[in-house]
Amino acid sequence: MTGRKFFVGGNWKMNGDKKSIEELANTLNNAKLNPDTEVVCGAPPIYLDFARSKLKPNIDVAAQNCYKVAKGAFTGEISPAMIKDCGVKWVILGHSERRHVFGESDELIGQKVAHALESGLSVIACIGEKLDEREAGITEKVVFAQTKFIADNVKDWSKVVLAYEPVWAIGTGKTASPQQAQEVHDKLRQWMKANVSEAVASSVRIIYGGSVTGGTCKELASQKDVDGFLVGGASLKPEFIEIINAKA
């Protein structure tokens, strides 16, 4: 065994209301979840407090984004300090939708990672290539460059989970094959070994995201360097339990 604790994050994105979140929380609270898997649900910012109050303590909550400073004149943003004040310990940063829909740069994502970690949050840091980049054969170049901006801003890797999410597989129903996922995860670990340290490379959890379902999760979970998942749509459904228990 690697000693890396399996990690399953649910990214609810801009979905849900109090009724559906309470129903989902009840489903998760009453389910038999593998105790060896760390579970974190990414709620919309307006429901962070509500989600935290409804989920059992063994299920953590994450914000889906935050800004790079503690407070100030930044209309519409939330800070790590506010996230922590809601009893929430995690934040998702650098998700492909933040990069490609909202235009966040590698540099900004690095600054957010630095501030979130300095503030005491743990970070799910997302990286991944678009379809044209994979077809052009530059997957490694793209994900290594994104990872470098993150790595340059991390002092304590025990607080970071890396999420590899090929953009072409998010919400498209296309999943990277277990072999494709394993290949990139292995290359990322080699990059970490060369550019951070051997200890970090072997201990950091690298999770996969991109149309993970109850049907695909077990084979993906069996890959040597796949340490869990960041799940989109399926995290809003009862099949999220199957995915959490992929290693059970």
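Only this structure's heavy atoms are used, side chains among them; waters, hydrogens and symmetry mates stay out.
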Open item on the list: Taking the cut-offs as 6.0 angstrom to the six-membered ring centre and 45 degrees off its axis, would you call Lys18 and Tyr47 a cation-pi pair?
Closed with: no
- [ ] Please check if any side-chain donor atom of Trp168 sits under 3.5 Å from a side-chain acceptor atom of Glu133, or the reverse.
- [x] no
Open item on the list: If the threshold is 4.0 Å, N to carboxylate O, is there a salt bridge linking Asp106 and Lys148?
Closed with: no
Open item on the list: Once side chain to side chain donor-acceptor pair (under 3.5 Å) is applied, do any residues pair with Glu77, and if so which ones, sequence neighbours excluded?
Closed with: none
Task: Pair Asp60-Val39, side-chain contact (heavy atoms from CB on, under 4.5 Å): steps then yes or no - done: CA-CA 6 Å; Asp60 272 321; Val39 182; over 6 Å; no
Open item on the list: Hydrogens and angles aside, do Asn29 and Lys54 bring a side-chain donor and acceptor to less than 3.5 Å of each other?
Closed with: no
TODO: For Asp186 and Gln190, test the side chains for any donor-to-acceptor distance below 3.5 angstrom and give the result as yes or no.
DONE: yes
Open item on the list: Can you confirm whether or not the ring centre of Phe7 sits under 6.0 Å from the ring centre of Trp90?
Closed with: yes
Task: Sole residue of Lys5, Arg189, Lys247 in salt bridge (charged side-chain N to carboxylate O under 4.0 Å, His left out) with Asp227 - done: Arg189
Open item on the list: When you compare the side chain of Val204 with that of Val161, does any pair of heavy atoms fall below 4.5 Å?
Closed with: no
Task: Check: His95/Glu165 side-chain N/O donor and acceptor closer than 3.5 Å - done: yes
Open item on the list: Run the ring-ring contact (aromatic ring centres under 6.0 Å, His included) test against Tyr208 and tell me which residues pass, sequence neighbours left out.
Closed with: none
